[in-house]
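Below is one structure, written out as structure tokens, with a few remarks after it.
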Amino acid sequence: MPELPEVEVVRAGLSPAVSGAVITAVEVFDERSLKRHSPLEGAFDALLEGRTILGAGRRGKFLWFPLGDSAGPAGAQALVTHLGMSGQVLLRTPGVEEDGLLRIRLHIEHPVQGEFWVNFVDQRIFGSMAVDRLVPTADGQPGGYFGEVLASGASAASDDSAASAALVPSQVAHIARDPLDPAFDEALFFAALGRKRTGIKRALLDQTLISGIGNIYADEALWAARLHYEHPADRLTRPRMRELLAEVRLVLGKALAEGGTSFDAQYVNVNGASGYFSHSLNAYGQQGKPCPRCGTPLVREAFMNRSSHLCPRCQRRPRAPRATPAPAPPAT
């Protein structure tokens, strides 16, 4: 499943192409890709046609595109996109039919770049598009990462687009901020992590605690921090929490610089190109190979219907806490 770096690569590729563009037409080829669109909001195509896209934002693995020219009583709205396991958002030249498994197509007209298509392609149909209402953020900070302009609160294509930065789609409001979000609150995260009575990897995968991290980058960050995936989150000291968060950010940053992680043709950027971080993985998918740090063969273990990859020497399984002796019975 695409994680934060893969989704951010798509957002960054779409942003200059769609910001300020008008949606002139919408084609839905598979209604299953609208499973998260509520008919109470109105018809998907009618809500989009004629609207201006004000920017491209992201929180964790969710993308959204605030819409101008509000249609009807729904108020501020956005086009929300989730890639699921195999979704792709591709920029295409009009008239060039080159994408199989096409589910939705947006016809876009940009005032400078002209006309093009935005194709939503999805093999497994776990991804989706939906028009959703925008609600105020709980902390009053920008709803997510919109690039340097909107993330900083500066003016953008219009006053509406700057205001939309302090809003978040209702479908995304429960998702925690991701560690690359400028508004990510470290103290709040550390306090919540200290209350988690689970293994640390389960905590990292909890999108209501910290978003954007999936199996690949959790394994990579835990390897870098020398932590076993079952290490209790509530037993981490504050310095170890800071170290782990630093490694998470470092791993995500490196993956972003290399365009994300691609193992097959399912994950590509908006131009159809693959990412190259798979060549830099230290733990994930490297079972049987020597640990880059100590040379011990890496192992793969079952974890939550998936796998964890680790070094059994560098990332030792945590010891069980000592049992508290039962109090002595009162004297009779």
Side-chain angles (χ1 to χ4, degrees), residues 1-8 58-61 139 141 144-145 175-258 260-261 277-278 280-287 291-294 296 298-304 306-321:
M1 180 179 291
E3 302 179 31
L4 185 156
E6 292 77 45
V7 178
E8 174 57 23
R58 176 192 53 75
R59 180 183 288 198
K61 305 174 187 179
D139 56 8
Q141 297 295 316
Y145 184 68
I175 300 296
R177 294 189 179 277
D178 63 66
L180 300 186
D181 188 325
F184 183 84
D185 190 325
E186 292 187 5
L188 189 66
F189 169 66
F190 293 150
L193 190 61
R195 295 190 296 268
K196 294 292 286 186
R197 307 298 290 269
T198 66
I200 185 58
K201 183 172 179 179
R202 284 178 181 265
L204 291 178
L205 298 180
D206 182 352
Q207 301 299 295
T208 65
L209 178 68
I210 184 170
S211 66
I213 305 170
N215 209 40
I216 297 173
Y217 300 116
D219 281 359
E220 289 296 298
L222 291 172
W223 178 86
R226 299 175 183 245
L227 282 170
H228 192 279
Y229 60 88
E230 288 186 348
H231 191 101
D234 61 353
R235 285 168 53 189
L236 284 175
T237 64
R238 192 56 58 94
R240 288 292 273 151
M241 290 182 185
R242 291 195 183 95
E243 180 185 355
L244 175 60
L245 181 58
E247 295 295 354
V248 166
R249 285 173 167 159
L250 185 60
V251 166
L252 295 177
K254 287 180 178 178
L256 266 173
E258 297 189 35
T261 302
F277 191 66
S278 58
S280 303
L281 294 170
N282 290 307
Y284 184 87
Q286 306 303 303
Q287 61 274 10
C291 171
R293 190 166 42 218
C294 72
T296 303
L298 297 164
V299 299
R300 179 178 65 186
E301 298 180 357
F303 173 81
M304 292 177 59
R306 60 189 84 180
S307 298
S308 275
H309 305 80
L310 70 153
C311 172
R313 181 177 180 183
C314 295
Q315 299 166 263
R316 296 187 183 277
R317 189 177 299 274
R319 296 178 181 177

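Remember, predicted model here, so these are calculated numbers, not experimental data.
Looking at E243, its side chain never comes within 3.5 Å of a backbone N or O of P239 through a donor-acceptor pair. Between the side chain of D219 and the main chain of H309, a donor-acceptor pair closer than 3.5 Å is present. A donor-acceptor pair is defined here as one N or O able to donate and one able to accept, closer than 3.5 Å; no such pair exists between the side chain of R293 and the backbone of C314. A donor-acceptor pair is defined here as one N or O able to donate and one able to accept, closer than 3.5 Å; no such pair exists between the side chain of E247 and the backbone of L244. In this structure, the side chain of Q315 engages the main chain of L227 through a donor-acceptor pair within 3.5 Å. Between the side chain of E3 and the backbone N or O of I216, at least one donor-acceptor pair lies under 3.5 Å.
When all heavy atoms are compared, the tightest approach of R249 to F184 is NH2-CD2, 3.4 Å. The two residues Y217 and V251 make their nearest non-hydrogen contact at CD2-CG1, 3.5 Å. Taking every heavy atom of both residues into account, S211 and A176 meet most closely at OG-O, 2.6 Å. Scanning both residues, V7 and R58, for their nearest heavy atoms gives CG1-CD, 3.8 Å. What you find for R316 and H228 is that their closest heavy atoms are O-CB, 3.2 Å. The heavy-atom pair separating P179 from L245 by the smallest distance is CB-CD1, 4.0 Å.
Between I200 atom CD1 and D234 atom CG the span is 9.5 Å, to the nearest 0.5 Å. For the atom pair CG of L180 and CD of E8, the computed distance is 8.0 Å after rounding to the nearest 0.5 Å. The CZ atom of R226 sits 9.5 Å away from atom CZ of R313, with the distance rounded to the nearest 0.5 Å.
L188 has its side chain out of reach of D139: every pair of non-hydrogen atoms, C-beta onward, lies at least 4.5 Å apart. Within the 4.5 Å cutoff, the side chain of K254 has no heavy atoms near those of the E220 side chain. Inter-residue side-chain proximity for L310 and Y229 is flagged as met; some heavy-atom pair is nearer than 4.5 Å. A heavy-atom distance below 4.5 Å is found between the side chains of K201 and N215. Counting only heavy atoms from C-beta outward, the side chains of N282 and L298 never approach each other to under 4.5 Å. By the 4.5 Å heavy-atom criterion applied to side chains, Q286 and L281 are counted as neighbours. At least one side-chain heavy atom of L205 sits under 4.5 Å from a side-chain heavy atom of F303. At a threshold of 4.5 Å between non-hydrogen side-chain atoms, the residues R240 and H231 do not count as touching.
In R197, the CZ atom is not crowded: 12 or fewer heavy atoms of neighbouring residues, nucleotides or ligands sit closer than 6.0 Å.
For K61 and D178, the salt-bridge test fails: no basic side-chain N is under 4.0 Å from an acidic carboxylate O.
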